[in-house]
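The structure under discussion appears below in the form of structure tokens.
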Amino acid sequence: PFIINVTSRTLEYTNPTSQITLSNTTICQGQSITASTAVTSGTAPIAYNWSLSPSGTPSVGTGATVTIPFPTAGTFTIYSTVTDACGNVINASRNVTVNPGPTISASSNPATICSGQSPNITLTSTSPSTTFSWTQTQVGVTGASNGTGASINQVLTNSGTANGSATYVVNATANGCAATPINVVVNVSPIPTGTATPNPSTICSGETTSIVLNSPQTGVTYTWTQSATGTTGSADGNGTSISQTLINAGTTTGSVTYTITPSIGTCLGTSFTSQVTVNPVDNATFAYPSNMICNTGTNPTPALTVPGTV
């Protein structure tokens, strides 16, 4: 007869006091941990399985060493299951803590300001221990710079004719964990200027003004007030031209002064004026002397009177 000797080899962890070695036990959300284990004895081949569930499924890796990503925050348990060819099984586990990165926001985003102003943006976070830093790019403006702190308060200047902007890329960390960066956009409007054409101008009573308002900046709107002397028909208004019929019922020259203010949104420019002179209509009259005219007499000379003349 044949005699078969079977020798049992017990499956054991090489380090019974620390069966699983972790690269770190506390990480930030989105980072990974390297986990490894080693066994002694047992019958080859040895199979390894790693999971975040005590059931072993779903598996997050096989092999003596694995790298496990943690896309979400929380406290997790890493489970290791080792099986040899004879079906011997040993298990171990270790806990890890995954801290969330702070969630950050800006008080005004996007923000719109006038040239020469500051946006005064306050940065906030879900974590009170958050530190902020930012980089910037600017188009058509000056005054933006990289910086740190919980507020962005820089004077931005737009010397051009179109809207400009500064974009701040804000980064933040809390408890060693980084936040997802946010972009903070500040739109900067130029200070508008304007002119009136023609200026000054002269019309006759009953005629209509034709004053065109222009600006080198884009998107400019205009409002005006008026002050009239010896005329009627003028009124406050808004638009890109002043077209009003002015009446001078008197005998002397009248006038209207329009004070015009250009604006882009809430950004007001320096006011300018447009002067209109309004001449009265010349209604000449003839006056004959009151003396009698005889058939044989000499005709009297009539007197010609023109309003506004001496």
Side-chain angles (χ1 to χ4, degrees), residues 1-107 109 123-135 148 150 168-184:
F2 293 96
I3 298 174
I4 301 175
N5 294 320
V6 178
T7 301
S8 175
R9 302 179 64 188
T10 303
L11 182 63
E12 297 176 345
Y13 285 105
T14 302
N15 187 344
T17 60
S18 181
Q19 299 98 331
I20 297 176
T21 301
L22 300 178
S23 58
N24 208 324
T25 58
T26 301
I27 62 171
C28 298
Q29 181 179 349
Q31 295 180 338
S32 300
I33 283 179
T34 299
S36 62
T37 188
V39 297
T40 184
S41 302
T43 303
I46 306 295
Y48 301 87
N49 184 65
W50 300 85
S51 179
L52 299 179
S53 169
S55 67
T57 56
S59 174
V60 295
T62 58
T65 300
V66 294
T67 299
I68 305 172
F70 289 87
T72 58
T75 300
F76 300 88
T77 302
I78 298 176
Y79 296 92
S80 168
T81 301
V82 184
T83 306
D84 72 359
C86 293
N88 296 310
V89 178
I90 54 176
N91 298 283
S93 63
R94 289 284 303 275
N95 293 329
V96 297
T97 300
V98 181
N99 291 322
T103 299
I104 59 175
S105 59
S107 58
N109 189 22
L123 305 175
T124 57
S125 170
T126 53
S127 173
S129 61
T130 300
T131 59
F132 300 91
S133 64
W134 64 82
T135 59
T148 61
Y168 296 91
V169 179
V170 180
N171 293 276
T173 59
N175 301 317
C177 295
T180 300
I182 62 171
N183 289 345
V184 179

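Everything numeric here is computed off the predicted structure, so don't read it as measured data.
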Checking T37 against S80 for the side chain to side chain donor-acceptor pair (under 3.5 Å) test, could you report, in this order, the C-alpha distance in whole Å, the side-chain angles of both residues, the deciding distance, and whether it holds? CA-CA 8 Å; T37 188; S80 168; 4.6 Å; no
Evaluate the criterion side chain to side chain contact (heavy atoms under 4.5 Å, CB included) for residue pair T83 and N88; output intermediate values, then yes/no. CA-CA 5 Å; T83 306; N88 296 310; over 6 Å; no
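The shortest side-chain heavy-atom distance between S18 and R94 falls under the 4.5 Å cut-off. Proximity of V39 to I46: side-chain heavy atoms (C-beta onward) are separated by under 4.5 Å at one or more points. Side-chain contact between T148 and T131 is absent, with no heavy atoms from C-beta onward closer than 4.5 Å. Residues V89 and T81 have side chains in contact (heavy-atom distance under 4.5 Å, counting atoms from C-beta outward). Taking the side chain as every heavy atom from C-beta outward, F132 and N171 never approach each other to under 4.5 Å. Using a 4.5 Å heavy-atom cutoff, the side chains of T34 and L22 are not in contact. Between I68 and I78 the shortest side-chain heavy-atom distance falls below 4.5 Å. At least one side-chain heavy atom of L123 sits under 4.5 Å from a side-chain heavy atom of W134.
Partners of A174 by side chain to side chain contact (heavy atoms under 4.5 Å, CB included), not counting sequence neighbours, listed by chain and number: P102, S127, S129, T130. The side chain to side chain contact (heavy atoms under 4.5 Å, CB included) test applied to A85 returns T43, P45, not counting sequence neighbours. Under the rule for a side chain to side chain contact (heavy atoms under 4.5 Å, CB included), the partners of A92 that lie at least two apart in sequence or sit in another chain are Y13, Q19, I20.
Interatomic distance, N109 CG to I182 CD1, rounded to the nearest 0.5 Å: 6.0 Å. Between the CD1 atom in I33 and the CG atom in N24 there is a gap of 6.0 Å [rounded to 0.5 Å]. Atom OG1 in T173 sits 10.0 Å away from atom CD1 in I104 (nearest 0.5 Å). To the nearest 0.5 Å, atoms CD1 (I90) and CD (E12) are separated by 8.0 Å.
Residue pairs that meet the ring-ring contact (aromatic ring centres under 6.0 Å, His included) test with at least one member in residues 58-97, sequence neighbours left out, are F70-F76. Applying the disulfide (SG to SG under 2.5 Å) test to pairs two or more places apart or on separate chains, none has a residue in residues 49-95.
The shortest heavy-atom contact between G176 and C28 is O-SG, 3.4 Å. Smallest separation of non-hydrogen atoms from G101 and Q29: N-OE1, 4.0 Å.
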Please tabulate, for the side chains in residues 54-64, all donor-acceptor contacts under 3.5 angstrom to protein atoms that are two or more places apart in sequence or on a different chain.
{"from": "S55", "atom 1": "OG", "to": "S53", "atom 2": "OG", "distance (Å)": "2.9"}
{"from": "S55", "atom 1": "OG", "to": "T57", "atom 2": "N", "distance (Å)": "3.4"}
{"from": "S55", "atom 1": "OG", "to": "T57", "atom 2": "O", "distance (Å)": "3.2"}
{"from": "S55", "atom 1": "OG", "to": "T57", "atom 2": "OG1", "distance (Å)": "3.3"}
{"from": "S59", "atom 1": "OG", "to": "N49", "atom 2": "OD1", "distance (Å)": "2.7"}
{"from": "S59", "atom 1": "OG", "to": "W50", "atom 2": "O", "distance (Å)": "3.4"}
{"from": "S59", "atom 1": "OG", "to": "G61", "atom 2": "N", "distance (Å)": "3.2"}
{"from": "S59", "atom 1": "OG", "to": "G61", "atom 2": "O", "distance (Å)": "3.3"}

